[in-house]
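Notes follow once the structure below has been shown.
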Amino acid sequence: MPQFLYGIDFGTTNSALSIYDEQKKEIIETISIPSLIYFTEAKSFDNGRSYVIGDKAIDAYINDGMNGRFIKSVKQILSRSTFTETRIHNQRYNASDLVALILKGLKEQADMLIGENCTKAVIGRPVFFDDDNTSKDTLAQSRLKKAAEMAGFTDIRFQFEPIGAAFAYEKTITKKERVLVADLGGGTTDFTYLILDPTKVGSKDRKNDMIASGGIYIGGDSLDSAFMWEVGTPYFGKNTTYEATPGKVLHVPKSLFANICTWDKMNFFNGLKIKKEMEDYYYYSKFDPQFKNLITLVDNNLGYSVFRSIEKTKILLSAEKETHFTYSQMGIKIAETVDIHRYNQIIDRDIQKIESYLAQFMTANNIRFDDVDCLFLTGGTSMVASVQQLFKNKFPHIPLNSGDNFKSVAKGLAYSGYLFED
């Protein structure tokens, strides 16, 4: 019998792997990395590969002058049937190929720690990869399973991510509780209502304790996208006009700017046709300097660095009333003061969608707010001030609990070994 089991939380923003020793019945280590891939422009790295992942991807991207191919939020393309492949270094990569690079990197780190090849894993998945769409959901899980197999796993089970978070929390309680878990990640917000009991930790049959699960395709990337649209895109020419026909002034299509607001589109927004269109608009706009910023952004793969500044602004506004959104790279200069009131207005549409879905989830499953003994929040987006306020308003009778926002799901997945008892 294999001694080790990996619990893997492949996330939109960060990914984590917990190593569970099945003989000692304990987690011995948890590894966490950003879900990033960087393909160098020309040379190979020391290991002979043309790519690196995680924190090394950030370092290599910056050291190479941001000239290579940088990919973020690859989880979001798992459910996209329209995405078939992309070419990098004259090689074709489909969705599973790209995800496998991150899973393989995590596995290699973990295997090195335990000194053996572990092929057994419980892999987390959102309740819905792309809202309540069965065909997209099936496609996403099949792609994720193929990626896991390509990374070297042969014995695989899937577990809902919020259930993983719940099992991590269950290890910390002393009495039975009715718990609502809200897992707010980079791509999705998932809810699970279940019974947790410290006397059942490690039990093989937990089906009767899982009462309801649901989710919505809104997460931290959605908030960043809204911010980019409202605050960022004007600096990239969203209001640019052009005159291809004398006397006929038109606005540059807004679709160009929608493509730089979402990572699943920006990752692959560099085709020759798009670049030609942008050059034409730039010429007919009489070389508008703001629109030139868009060309610089796309040509130089600056998307990640811009969104890094947006994310920094979001994080600061989780604790402060006002901050500055600043960016300066290759002639692009952004300097704008943003206060919490304005930020909350920008993201309000997404917060309302989460609130509306929560009410729908509670009603559909006949759960009263008083039926919840404990609210457990996890995921990086759970730290956003307006998200915290939403749950405080809905559940004033109970405190908000949270664990490690970036590792709790992986730990709980590692405690889900009962899934292998078919």
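FYI, the numbering just counts along the sequence from 1.
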Check whether [X] reaches the backbone of [Y] with its side chain - one donor and one acceptor, N or O, closer than 3.5 Å.
X	Y	value
Thr189	Gly185	no
Tyr38	Gly68	yes
Ser416	Gly412	yes

*Under the side-chain hydrogen bond (donor to acceptor under 3.5 Å, both in side chains) criterion, do Lys146 and Ser96 qualify, and how do the steps go?*
CA-CA 6 Å; Lys146 183 179 178 183; Ser96 297; 5.3 Å; no
_If you apply the rule ring-ring contact (aromatic ring centres under 6.0 Å, His included), what do you find for Phe291 with Phe236, and how did you get there?_
CA-CA 5 Å; Phe291 193 80; Phe236 295 97; over 10 Å; no
*Could you please spell out the steps behind the salt bridge (charged side-chain N to carboxylate O under 4.0 Å, His left out) verdict for Glu320 and Lys312?*
CA-CA 12 Å; Glu320 301 173 10; Lys312 181 181 178 182; over 6 Å; no
*Any side-chain heavy-atom pair of Phe307 and Met228 under 4.5 Å*: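 In short, these two side chains touch, coming nearer than 4.5 Å.
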*Determine whether Asp373 and Ile398 make a side-chain contact, defined as any pair of heavy atoms from C-beta on separated by less than 4.5 Å.*
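Contact flag for Asp373/Ile398 side chains = no.
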*asked:* If you count every heavy atom of other residues, nucleotides or ligands that lies below 6.0 Å from Lys254 atom NZ, does the total exceed 12?
replied: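 Buried by this count: over 12 neighbours within 6.0 Å.
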_Cation-pi check, Lys120 onto Phe420 ring (under 6.0 Å, within 45° of axis)_ =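 Positive - Lys120 is close enough to the ring of Phe420 and near enough to its axis.
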*Using the six-membered ring of Phe153, assess whether NZ or CZ of Lys107 lies under 6.0 Å from its centre and within 45 degrees of the ring axis.*
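Flagged: Lys107 positioned over aromatic ring of Phe153.
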*Working for side-chain hydrogen bond (donor to acceptor under 3.5 Å, both in side chains), residues Tyr51 and Thr40*: CA-CA 6 Å; Tyr51 71 90; Thr40 186; over 6 Å; no
*What pair of heavy atoms forms the shortest contact from Gly186 to Gln76, and how long is it?*
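Heavy-atom minimum between the residues: O-NE2, 4.0 Å.
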Between [X] and [Y], does any side-chain N to carboxylate O distance fall below 4.0 Å?
X	Y	value
Lys72	Asp221	yes
Arg368	Asp371	yes
Lys321	Asp339	no
Lys394	Glu355	yes
Glu29	Lys411	no
Arg342	Glu336	yes

*Do the ring centers of Tyr93 and Phe39 come within less than 6.0 Å of each other?*
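That pair passes the under 6.0 Å test.
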Under a 3.5 Å threshold, yes or no: a donor from one side chain and an acceptor from the other, between [X] and [Y]?
X	Y	result
Arg125	Gln141	yes
Ser15	Ser35	yes
Arg143	Ser79	no

Using the six-membered ring wherever Trp is involved, compare the ring planes of [X] and [Y] and label them parallel, tilted or perpendicular (cut-offs 30° and 60°).
X	Y	value
His397	Phe395	tilted
Tyr61	Phe70	tilted
Tyr415	Tyr20	perpendicular

_Quick one, Phe325 with Tyr343, criterion ring-ring contact (aromatic ring centres under 6.0 Å, His included). Give me CA distance, side-chain angles, the key distance, then yes/no._
CA-CA 11 Å; Phe325 170 46; Tyr343 183 73; over 10 Å; no
